[in-house]
There are 2 protein chains.
Amino acid sequence: MLQDQNFFDTLSDETRRRLLALLFRQGELCVCELQYAVDMPQPKISRHLAVMREAEVLAVRREGTWIYYRLHPGLPLWAYRIVEAMTQSISQSHLFDRDAARLEEMANRPARCSA
Amino acid sequence: MLQDQNFFDTLSDETRRRLLALLFRQGELCVCELQYAVDMPQPKISRHLAVMREAEVLAVRREGTWIYYRLHPGLPLWAYRIVEAMTQSISQSHLFDRDAARLEEMANRPARCSA
DNA sequence: TGTAAATATTCGATATGGAGAATATGATTA
DNA sequence: TAATCATATTCTCCATATCGAATATTTACA
């Protein structure tokens, strides 16, 4: 079950907020897409995703080699509202603009291949 | 101006969330009321309030010996929504129940004296 | 001006979190 | 089974946050 402390710890790191905002807007993304979007070392992304997974803020689905992350479906409404408001805020920053733009420009996205 | 990082740092500490929730619901409280409600050493309260004041999450008003804290009036809407949702969540906890109950039972509350 | 009440600040110790680098695991395909 | 791609974990180092204890500051009032 989601613990308050873990949830707010999740939000206390800018990298995690960027990943979370991308997932909130896109619905589901695999690690390599998130990595490409925020342009950071893979282990770093993986660790931050693990923090959010263990906090039950994110849920995971495996499909072959790829692992897809999404908002945890059991997220309480109050927590969902907070993620929504955070996303609204971060969406206005250049930082997030670039994340979203990079994601759009990414070639060979796994979701596209399987689609 | 409110910085994202400072705002979310504010929320990462449970004591600060308790203080913030009390202020969200009561509108304005002085340090001794907050101290009485959460039942913690005065320097600890004061330091946590300072963190939120410096982050521009809280605003301050002095009246004689007492210093009243309240939500910062310039808080952006998205941040206000987050405080609102956080308060909604914490309000369901026994922890917060007791905070609110202690505040109600407090004798000689300064606001009452001046009213 | 001296004292008391309310609040703030400083200091030293400890703990926690994030970073980079290296390595491990797991699935796929040749 | 070997090689490769995607992802996860471990380790050590460093920075930062929090705490308790002590002390300082500000205001009111005798």
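Letters go in sequence order (proteins before strands), and every chain restarts at 1. These figures come from a predicted structure and were not determined experimentally.
Put simply, CE on A:M52 is 11 Å from P on D:dA8, counting in whole angstrom units. Distance A:D13 CG to D:dA15 C1': 14 Å, rounded to the nearest Å. Computed from coordinates, the A:Y36 OH to D:dC5 C1' distance equals 17 Å when rounded to whole Å. Remark: P of C:dG26 and CD1 of A:I67 are 11 Å apart, rounded to the nearest angstrom. Computed from coordinates, the A:I45 CD1 to C:dG18 C1' distance equals 13 Å when rounded to whole Å. Here D:dA17 presents its P atom at 17 Å from CZ of B:F8, a figure rounded to the nearest Å. Distance, A:R47 CZ to C:dG20 C1': 8 Å, rounded to whole Å. Nucleotide C:dG17 holds its P atom 9 Å from the CD atom of A:Q5, rounded to whole Å.
Side-chain atoms of B:C30 lie closest to C:dT7 of the nucleotides C:dT7, D:dT9, D:dT7. When each of C:dA19, D:dA8, C:dT7 is scored by its nearest atom to the side-chain atoms of B:V31, the top-ranked nucleotide is C:dT7. Comparing atom distances between the B:K44 side chain and each of D:dC19, C:dA19, C:dA8 picks out D:dC19 as nearest.
For the pair B:E28 and B:R61, the salt-bridge criterion is met [side-chain N within less than 4.0 Å of a carboxylate O]. Looking at B:E14 and B:R16, no side-chain N of the basic residue comes within less than 4.0 Å of a carboxylate O on the acidic one, giving no salt bridge.
Side-chain atoms of B:Q5 and A:R17 form a donor-acceptor pair, as typed in the model, at a separation below 3.5 Å.
When each of A:P41 and A:T65 is assigned the nucleotide of DNA chain C with its nearest heavy atom, A:P41 is the one assigned upstream, toward the 5' end. Judged by closest nucleotide on DNA chain D, A:W66 is the one of A:A50 and A:W66 placed further toward the 5' end. When the nearest nucleotides of DNA chain C are assigned to A:Q42 and A:D9 by heavy-atom distance, the more 5′-ward of the two goes with A:D9.
From A:I67, atom CD1 reaches atom CG of A:L29 across 14.0 Å, with rounding to the nearest 0.5 Å.
Using a 4.0 Å heavy-atom cutoff across all strands shown, B:R62 reaches sugar-phosphate atoms only and no base atom.
Here A:Y68 does not reach the OP1 or OP2 of D:dT7: none of its side-chain N or O atoms lies under 4.0 Å away. At least one side-chain nitrogen or oxygen of B:R16 sits closer than 4.0 Å to the OP1 or OP2 atom of D:dT18. Side-chain N/O atoms of A:H48 include one lying less than 4.0 angstrom from OP1 or OP2 on C:dA19.
Using cut-offs of 30° and 60° on the angle between ring planes, the pair A:F7 and A:W78 is perpendicular.
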